[in-house]
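Have a look at the structure below before the remarks.
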Protein chains: 2
Amino acid sequence: MSMKDPDGEAASATLSEIGALADVSISTVSKVLNGRPGVSDETRARIEALLQEQGYSRRQAAQRPTSLVEVLVWEIDSTWAVELIAGVERIAREHGLGMVVSNTQDRKVSDARWLEGVIARRPVGVLLVGAELPESQQRQLQSRQIPVVAIDQGGRTGLAEHSVGSADWSGAFAATRHLLDLGHRRIAIITGPDDMIASVARVSGFRAALDAAGVPLPEEYVRHGEFHRQDGLEQGRALLELAAPPTAVFASNDLQALGVYEAARALDVRIPEQLSVVGYDDLKAAAWVVPALTTIRVPLAEMAEQATRLLVRLRDEPGFAVSHIDLATSLVVRQSTAPAPDAAG
Amino acid sequence: MSMKDPDGEAASATLSEIGALADVSISTVSKVLNGRPGVSDETRARIEALLQEQGYSRRQAAQRPTSLVEVLVWEIDSTWAVELIAGVERIAREHGLGMVVSNTQDRKVSDARWLEGVIARRPVGVLLVGAELPESQQRQLQSRQIPVVAIDQGGRTGLAEHSVGSADWSGAFAATRHLLDLGHRRIAIITGPDDMIASVARVSGFRAALDAAGVPLPEEYVRHGEFHRQDGLEQGRALLELAAPPTAVFASNDLQALGVYEAARALDVRIPEQLSVVGYDDLKAAAWVVPALTTIRVPLAEMAEQATRLLVRLRDEPGFAVSHIDLATSLVVRQSTAPAPDAAG
């Protein structure tokens with residue numbers, strides 16, 4: 001495999017230096033450099049470290065990135081992802097950048113060939129939409145000066161250098177406060193994944209609002225979900241079949257809330273008369289389901305735009321400081337919430 | 001601007017030949033070749049013709065295309081487009097291809113810079129999702145041997161060399177037949193755009209089913225739309241406010257049908273007791289709205305897959321014959337249709 005870059009000769013020289021230092025062939029170094037398989041994890045890590053140590057990355061970075069932005073999306077066909085993708089596309093186009101979109105159905109594992117493709121395409125940067133990258137892949141991108149910005153960061157804080165999120169804790173707090181103000185005291189939650197920071201922050205905001213109001217939270221009212229509509233259907237049904245069912249459900253996203261709608265319909269429970277439901281995200285569908293869904297508006301388009309602008313900025317100012325941006329959320333009251341049926345007093 | 005291609009020198013020679021023949025500078029030829037602005041339409045057409053005549057395209061085509069598929073989408077944030085994009089992504093990934101997605105809000109006009117980007121990226125091919133290309137852009141792609149496959153072709157038949165669609169006429173015929181079988185005689189339609197072949201075929205199938213049953217169609221029952229939910233809301237309301245309102249509405253897509261739901265709700269008309277509604281597409285939302293929508297299933301994922309496989313095939317067998325594929329549609333009966341309220345006799 002030969003280097004096809006304008007500064008090809010200088011790079012090749014470094015390749016053989018690295019090869020000598022690592023005691024491997026040039027082709028092995030090249031494989032690592034291009035994110036190809038066929039190298040043991042141990043050798044790959046050693047070569048990556050040498051590449052970074054020997055400043056190979058700086059020479060690499062001198063290559064002009066192509067005019068592409070890479071987007072890795074968790075569940076591309078979810079309504080949530082679509083609104084983010086549309087936002088990225090708008091800003092990318094504004095800057096004359098093409099947008100390469102890849103899907104992963106597993107939030108934490110990207111296709112093995114994905115990274116290889118990204119490295120070959122030398123994009124301006126990578127946007128993660130709900131998806132996460134294993135640390136080894138993060139390092140590979142880092143050593144090639146390809147910045148990564150996470151939108152609505154999936155994993156532990158700090159995994160991605162840069163991220164754009166929204167005020168999850170405050171949003172959940174406001175949603176719960178709204179239910180409390182309507183007189184609800186039996187309020188359940190359907191959570192998102194335990195290992196997504198956005199999801200953890202929502203549960204925390206929910207609990208904090210109940211605590212502040214001195215309202216107890218039976219553990220059976222905390223239901224685990226994965227941000228899918230199916231969660232709302234299954235957990236909603238389980239909640240409504242409890243001996244003491246809740247009078248209100250806070251779903252951690254709109255899809256789950258719509259699942260609760262279906263559970264309620266199946267059990268002949270009327271929304272909002274017998275059950276109040278609050279969602280989270282404010283997808284377009286939230287406004288046109290019947291009854292229209294009360295929810296927390298997450299500025300998805302703005303988040304996508306900010307994240308894309310951040311990548312462009314990182315291209316123009318490579319040293320730009322580590323940053324995390326959280327945009328504001330707001331309560332949108334529609335028809336799915338009403339005073340608690342037992343709150344006459 | 002210099003040619004950066006491996007066969008750069010041969011190409012440059014041809015460039016100056018073309019320039020001499022067209023009596024323009026090499027830089028003008030280069031602009032045309034790279035799809036850049038700053039050349040009059042007349043000059044561009046003349047140079048394009050010469051490029052093709054002089055066989056420049058063959059030499060260009062000898063360049064290996066990059067591992068990218070270009071997708072141009074009309075209204076990227078529509079649920080319809082998303083299901084197609086997800087299908088393309090799956091097959092592209094299977095073949096180790098990256099998917100570049102661009103959006104156009106205007107079905108017939110793509111961003112001026114879009115073509116420039118596509119030409120620079122030298123993709124395996126271009127997929128049009130609902131979008132159309134002006135003839136001049138089609139020609140520019142053709143002369144560079146970049147094949148174009150249209151999914152659910154927007155414009156007149158024959159505009160795109162290759163296309164993958166579905167049996168629109170039969171689908172509409174089946175939908176209308178279903179309403180007739182339920183005893184409906186006052187059946188209205190909300191159409192899609194008049195200049196989209198899929199839309200015209202649906203209107204035609206609808207009319208044919210009514211004709212075959214000897215059921216008259218008052219002109220006020222034919223309502224124009226653009227495949228937007230707003231059409232269903234506005235035209236649905238107009239239909240329900242007629243002196244003799246229809247007892248059934250065939251919407252040309254699911255989004256319009258959901259707009260009719262909202263119009264019915266606003267006027268306190270119950271679906272399906274007082275009004276039957278049939279949609280078209282079978283988007284995921286069709287199954288989970290209340291009442292669940294009776295609709296025509298369009299195999300969106302399969303269409304996207306077929307179209308993507310066709311592009312890959314065209315890359316591997318450049319001479320592969322012109323083709324048009326129509327996949328089958330089918331009626332999915334759910335809860336939004338019921339016997340006509342006036343069909344007791």
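None of the values given here were measured: they were computed from a predicted structure. Here is how names work: the chains are called A, B, and so on, in the same order as the sequence lines, proteins then strands, and each is numbered from 1.
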Take A:Arg121 and B:Leu68, measure what side-chain contact (heavy atoms from CB on, under 4.5 Å) needs, and give me the verdict at the end.
CA-CA 10 Å; A:Arg121 293 191 285 267; B:Leu68 292 172; 3.6 Å; yes

Measuring only between side-chain heavy atoms, which start at C-beta, is A:Ser102 closer than 4.5 Å to B:Arg93?
no

When only heavy atoms count and the cut-off is under 4.5 Å, which of residues 75-82 of chain B reach chain A?
B:Ile76, B:Asp77, B:Val82

If you count heavy-atom pairs under 4.5 Å with chain A, which of B:Val289, B:Val290, B:Val118 comes out on top?
B:Val290

Result of checking A:Val100, A:Leu97, A:Val69 against B:Val100 for side-chain contact (heavy atoms from CB on, under 4.5 Å):
A:Val100

Enumerate, atom names and distances included, each donor-acceptor pair closer than 3.5 Å involving a side-chain atom of residues 297-304 of chain B, sequence neighbours excluded.
| from | atom 1 | to | atom 2 | distance (Å) |
| --- | --- | --- | --- | --- |
| B:Arg297 | NH2 | B:Glu302 | OE2 | 3.2 |

As an exercise, state the distance from CG of B:Leu255 to CH2 of A:Trp288, rounded to the nearest 0.5 Å.
6.5 Å

Look only at the side chain of B:Arg113 and the backbone of A:Glu94, and say whether a donor-acceptor pair between them is shorter than 3.5 Å.
yes

Between B:Glu83 and chain A, which part of the residue has a heavy atom less than 4.5 Å away: side chain, backbone, both or neither?
neither

Pick out which of B:Val71, B:Ile85, B:Val101 makes a side-chain contact (heavy atoms from CB on, under 4.5 Å) with A:Val101.
B:Val101

Mind checking side-chain contact (heavy atoms from CB on, under 4.5 Å) for A:Glu273 and listing every partner two or more places apart, or none if nothing turns up?
A:Arg270

Looking at A:Gly117, A:Ala285, A:Gly96, which has the largest count of heavy-atom pairs under 4.5 Å with chain B?
A:Gly96

Distance-only check: which donor-acceptor pairs under 3.5 Å involve side-chain atoms of residues 258-269 of chain B, not counting sequence neighbours?
| from | atom 1 | to | atom 2 | distance (Å) |
| --- | --- | --- | --- | --- |
| B:Tyr261 | OH | B:Pro291 | O | 2.6 |
| B:Glu262 | OE1 | B:Arg229 | NH2 | 2.1 |

